[in-house]
Every structure is written in structure tokens, then in C-alpha cells.
Number of protein chains: 2
Amino acid sequence: MASIYDIAKMAGVSVATVSRVINGEKYVAPETREKVQKILRETGFIPNANAKSLTKKKTNTMAVVVPDLTNPFFTEIIRGIEQQAAQRKMAVIIANTDEDLEHERLAIRSLMGRRVDALILASAARAGKEIRSSLRDDIPLVLLDRKPNGLEADLVRSDDRGGAEILVDYLFALGHRRIGFISGKAGISTAKNRLEGYVAALRGHGLEPEQELMAPGDFQRTGGREGILKLLALAQPPTAVIAANNIEAIGALEALREKKLDVPGDLSLVCFDDLELASQVYPFLTVAAQPVKTMGAVAAQLALERLAGQSSQRREVVMRMTLLERRSCRRV
Amino acid sequence: MASIYDIAKMAGVSVATVSRVINGEKYVAPETREKVQKILRETGFIPNANAKSLTKKKTNTMAVVVPDLTNPFFTEIIRGIEQQAAQRKMAVIIANTDEDLEHERLAIRSLMGRRVDALILASAARAGKEIRSSLRDDIPLVLLDRKPNGLEADLVRSDDRGGAEILVDYLFALGHRRIGFISGKAGISTAKNRLEGYVAALRGHGLEPEQELMAPGDFQRTGGREGILKLLALAQPPTAVIAANNIEAIGALEALREKKLDVPGDLSLVCFDDLELASQVYPFLTVAAQPVKTMGAVAAQLALERLAGQSSQRREVVMRMTLLERRSCRRV
DNA sequence: TTGCGATGTCGTAAATGCTGGCCATTCTGA
DNA sequence: TCAGAATGGCCAGCATTTACGACATCGCAA
């Protein structure tokens, strides 16, 4: 690759001048500028951003780490982030961890090595200490959707307890009294909050939460499948089930279909998080949805502010959930 | 940030030794190694990858540029790529262009500046010259799904003409004779091939293709909406419609629902590309699907080979499409 | 006309964090 | 004793930016 030296030589000026032209700085004569720009154009020179970041000590890059790139919840968030970043002419680099802690560690370490300026993280970790050593401790960090235990940082999440309440209320109003719950990945804050919200909401209606009605899950399809099977196998199975996220609901739906069970005929099903595209094809699942794109935008803004050094105290933005009633439930 | 010099000083060795320890090279005594590693651990040192790439002249990174991150077709492909990359310990960096040429140019330029080792590109460009100046001309490049005119590079695509044939055959067999087509983004190879396949397949059945049955599109939701509306407004509307991709089909479906038209009752609808998650929720749309994840894996492999300097001739891998029959069509 | 500070233009060289070739020294075993 | 092998330091190089300094030019007051 050509370097700025080659350009300088071709243009008969010094590297400093070329650098000035490239970065549109003052103090270069119009003719000189023109001459250099001509060479730049002709050679299609693209400066080495790595070398630049070495001296500038910043990369103009923000990183986003998500646990599941195929989940529309996260891709929509990413779009929100990208829009904000583009406005500040920052690049966004996306990493996917497949809900796997080791993947996440590697991804974060790689990003830290690249010296990204800020990190937006939807972590697969339960506790901060599981990833802390992979993080540079001075990096502007915004936690997204999930808060690993003991990791202090800005946080954008939604009101999971409130969302759980909305769902339980809805099912209760339809007459359901045995309401099952397929939990999210153990140890993840979001999963915990949703479960707690569910328990609290049940109590609010004078219902006693039963252990057997709460199946473990993992936020993935298999968790949904296994969860629903477990609940169905109960002596007294639930009449309605809440899945802790959209993907689990899909897994559950698959299992139900294989067992030739009808939703909502044989069972009512709702979940957290909307399914963007899918719900356009077929507005089926009733869900508690979050303002996804906004969440991304807010996360990016927090990161940017943190980067700019404003406000040093920890901030937490909580988004309200909304019930989108469709047709996966019936009155009993 | 601490640098390798700081570590060297703390450990009382030279930077070279620290470098050797970090990279697990030979010729460093066990005690020295242990001593350095201890410091490394304590300080949580993460080497600056940018500086490293400066001297090594490679970044161990492969970039993927896609036009629509919310389209499951592309996210699945990305997963295929990631798996291959992970095996070679390469990082993948993902960029999203929202089907916008200017976005794409910026993204590519940014990636070139970062000196990524290889680029996998599903381009929004019609012609190679629209983006050529943003590309380093020596970069290992693999085109994905789409081939901008005049851009010579390895290519992984699917058999779009064959796919169109499959869809037309299917509809024809169901008795449809007026088959509409909502095209993809004008100028994109994939769109062109699908349309040509459609025309050819019609002729193959002795049907004369009619201009009015071919609506323009953009591979996006709006294109689907407008396309279907156009077709419905015809004096003699089609009884079946093929959308050039999954997202357009969703747009079409939305418009149909708003007009209170039933699929397949009032109209049969099929499209290219499957809808992963969505089709799990509700196996509705009949589609011509591609082996998505494999496409990603193959693309990554081609890039890697190109990077390794093997095989200098241009390669093209064409994947066969499969009909996934569901229930968006009826016999007429 | 001269003098001089301000301003504009450009080059030199150091610095950034890392690798790797080369060389010097020490150690090992025959 | 001596050939290697093992160990580790020095320094150049990678592609940038930027502080600093050298000149040139200009405006304007003396």
C-alpha cells in the first residue's frame, strides 16, 4: 500500500503537507492543496486508520456486542445506534457472541485491542467479574438490556418487571389462573427481573406462584422448546404461558406444533420483545414490546456523552413496555 | 493506556521479551516468562492491535458488508462467515448499509482504512465503478449474493434463474396463468436474474410475459407495498405474485392486509429467500430458499483462500434453490 | 523607505506501540 | 574445548500526526 510518504514524494511536498491536505487543515496554499489532491485522487490513496489512531489515541469507532444477531430485537437496536453514530461520523463495529461467554470475552478483548472509543454491551455474563478482566477499565461503557452483577456502568434497559405485570394482568383478565413462565438465561438480570415481575404480579392478583410453573430457559430456541414441554408434562399444566423473550416463544411454538397443539386453542402464549418482521407477516403473538430503536439511540447517546467526558455519575434509562395484543391468547 | 514499554520496565526486561511472551514465542526462559506473565495479568494489559497491524501488515480481520442487517437472510449468512473465521482465529467486522450506495462507500472506505485483510460484500451498487474507487484494488474480495456490473471478483450466489423457474413452475402447476412479479432493486444482478428467470419460465410454459405484470421494487418493504398495489390496480390483476425477496413479500403482505385481501384466498404469494424465525412462528409463505449458512461459510472460505494467495483465477459458486411449500398459495 | 510584528506556508523530526532481524552473551553436552 | 542452542537486548521500521522552527509576505507606522 502506498503511504503518505509516497504521496508526498509524488507531489513534491512533505508528509506534513499531505497530512494537512487530507485532514483539511489550514495553512496550505491553494495551489499546493490542489496539486496534492490531484495525486490523492489519481492514486486512490486511503490513509491507514490504524497508524492514525496510534498517534491520535482515538479511533472514532464505537463497538456493539450483542448475544444474538439473528434476534430482531438486537438488530433493530443496532440500527438505532448506527444512526446516532453516523451523525457524529463515527463508525460502528458489531460483534456477535451467540450468547456464549467465551465468545464474548474474545470479542471484547479484540475490540479493546483495537482501542474502540466506546463499547455498548448486551452481555451474556451473569457477573461483572466474568468479563471485567477483558475490559479496559477506562472505556466508556454502556450496558444494554442486561446488567451483569457488580458491573457499574451506564445502563439502558426496559422495565422488565412492569412488562411482566402487563402480561400477567392481561392473561389474568382473560381468566387464566394457571400461568406458566419460561424463564430467560439463568443469572441474566433481564431474565431475573422478568421472573420477579411475574411472581409479583401473580401475588398482586392473589395467586400463589408455584415453582413447577416456572421452567428454566436460556433466551434461545431450545430453551423455549424444553420449557414448554416441561410445563405441558405437568399433572396440571398451565392454560397460558409467558416466554421470557421472543426467541423462546418461537421455540415453544415449534414444540407445540410438533405436538399438534393449537395456540391459542389449547394454550395461550405471550412473550417479551416483539418480532419485527415476523409480526408483519402474521400478527400472531401477543407481546410486551420495547421501543427498540429508541433504546439503541439512547445507548449511543450515553456512550457519546461519556466519551465527551460529560457527567461522571452512573445513569440508568428505563424504557416502558407496551402490550401489543394480537391473537395468541384466548379467554378461558 | 499502558504500553509494552511500561510492562517491560515493570518486569525489568526489554520490550522484545515482553513481545515474545505475549505472542508465545520460543526463546524465553520459563522464569522470565512467568515473571512477565504475572505483570501482564496484574495490569490487565491488552496490546494495541493497531500498532501491531502496522508492523505485521495484516489485521487478522475480515469484513462483511451487507445491505440490510434486519434481513434474516443476511444475518444467517453472517453467522456462517463468523464460524469459519473463528476457526482461523480471525475477527469479523460487520457493516450495514441500509441498501444505500453512499453508506456503502463510506463503510468500505472505513474498512479499507482499517486495512482489513479481506472483504465479503453484498453490494448495493449496480456497477463496479460506483464503488471501485473506495476499494483497495489488491484486497481479497468476495462478492455475495450480488454482482455489480464489471466488478471482477470471486462470487457466491444462488441460482436465481433456477429459483424463479421453480416458483413459476409451482404456480403454473396450481393453475395460475396470470403471474405477477415484484422486482428487486433495479440494476442489482440478483434482481435482474430473478426477473429474467421469471420471464424465461413463463415462456417455457407458453405464456407471454406482460410488462404490466412486472412491478418495480427495491428489496425493501416499501417496494413490496407499492409493487403489490400496482399489480392489484391492473384492469386484469394477477392471481399469483412472486416477490423478489422475503422483505418485499412482507411489505406486500402488509398492504394486502390493509386492503382486507386474503392470502391465499384472494391472491397467491410466494417469494425468494426464507424468513428463518418468522417461518417458525407461522409456516406461511411458500418460498424459494437458499442454503444460507453454507453460503456464508463458502464466502469466508473463498476469502481465506484468496488471502492465502492460492488460486488466482476468479471463482463463482452457485447454490441451488429449494422450494419450501407452505400455505400462501391456492389452486385455481 | 525602512522596520517589524503578524500571518501564512511548509518541512524536519519526534512520538505513537509494536515486531523482528541481528547480535552478544550464557549455557549445555559431547 | 567448542559447536550449537537458548536467551534477551538494541534498534530500525511500520504510517501517521504534530510541535517547532524557518522563511516569505504583507500591512502599516515611523
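Residue numbers start from 1 in every chain, and the chains themselves are labelled A, B, ... in the order their sequence lines are given, proteins ahead of strands.
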Test: Arg315(B) and Glu305(B) ion pair at under 4.0 Å: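 Yes.
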Classify the side-chain pair [X]/[Y] by whether it contains a donor and acceptor separated by less than 3.5 Å.
X         : Y        : answer
Arg79(A)  : Thr75(A) : no
Asp117(A) : Thr61(A) : no
Asn23(A)  : Lys52(A) : yes

Search all heavy atoms of Ala122(A) against all heavy atoms of Pro67(A) and return the closest pair with its distance.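 Shortest heavy-atom contact: O-CD, 3.4 Å.
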Search all heavy atoms of Ala191(B) against all heavy atoms of Lys185(B) and return the closest pair with its distance. CB-O, 3.4 Å
Please report the interatomic distance OG(Ser110(A)) to CD1(Ile93(A)), rounded to the nearest 0.5 Å.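 Between Ser110(A) OG and Ile93(A) CD1, I get 6.5 Å after rounding to 0.5 Å.
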N/O contacts under 3.5 Å, protein versus nucleotides 24-27 of chain D?
none

Under the side chain to side chain donor-acceptor pair (under 3.5 Å) definition, can you give me all pairs with a residue in residues 123-134 of chain A, not counting sequence neighbours? Glu104(A)-Ser123(A)
With a strict under 4.0 Å distance from non-hydrogen atoms of chain A, what nucleotide opens and what nucleotide closes the contacted stretch of DNA chain C, reading 5' to 3'? dG8(C) to dG17(C)
Run the side-chain donor-acceptor check on residues 27-38 of chain B: report pairs under 3.5 Å with partners two or more places apart or on a different chain.
from, atom 1, to, atom 2, distance (Å)
Arg33(B), NH2, Glu25(B), O, 2.8
Glu34(B), OE2, Arg41(B), NH2, 3.2
Lys38(B), NZ, Glu42(B), OE2, 3.2

Could you go through nucleotides 12-15 of chain D and list every protein N or O atom that sits under 3.5 Å from one of its N or O atoms, giving the distance for each pair?
from, atom 1, to, atom 2, distance (Å)
dC14(D), O3', Lys57(B), NZ, 3.2
dA15(D), OP1, Lys57(B), NZ, 3.0

Closest-nucleotide ordering on DNA chain D, the 5'-leading residue of Thr32(B) and Val15(B):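 Going by which nucleotide is closer to the 5' end, it is Thr32(B).
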First of Pro30(B) and Ala16(A) reached from the 5' end of DNA chain D, by closest nucleotide: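 Final value for this comparison: Pro30(B).
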Output the rounded distance in Å from [atom1] ([X]) to [atom2] ([N]).
X         : N       : atom1 : atom2 : value
Glu31(B)  : dT7(D)  : CD    : C1'   : 10 Å
Arg20(A)  : dT18(D) : CZ    : P     : 11 Å
Asn23(B)  : dG8(D)  : CG    : P     : 16 Å
Arg114(B) : dT16(D) : CZ    : C1'   : 15 Å

Are any of Tyr27(B)'s side-chain N or O atoms less than 4.0 Å away from OP1 or OP2 of dA6(D)? yes
Is there side-chain contact between [X] and [Y], with heavy atoms separated by less than 4.5 Å?
X        : Y         : result
Ile39(B) : Phe45(B)  : no
Glu99(B) : Asp218(B) : no
Ile22(B) : Ile7(B)   : no

As a test of understanding, state which of Arg314(B), Gln301(B), Arg306(B), Gln313(B) forms a side chain to side chain donor-acceptor pair (under 3.5 Å) with Asp154(B). Arg306(B)
Using five pairs at each end of the helix from dT1(C)-dA30(D) to dA30(C)-dT1(D) to define an axis, what is the angle between those two axes, to 10°? 50°
DNA chain C: Ser19(B) or Gly12(A), which has the more 5' nearest nucleotide?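 Mapping each residue to its closest nucleotide by heavy atoms, the 5'-most match is Gly12(A).
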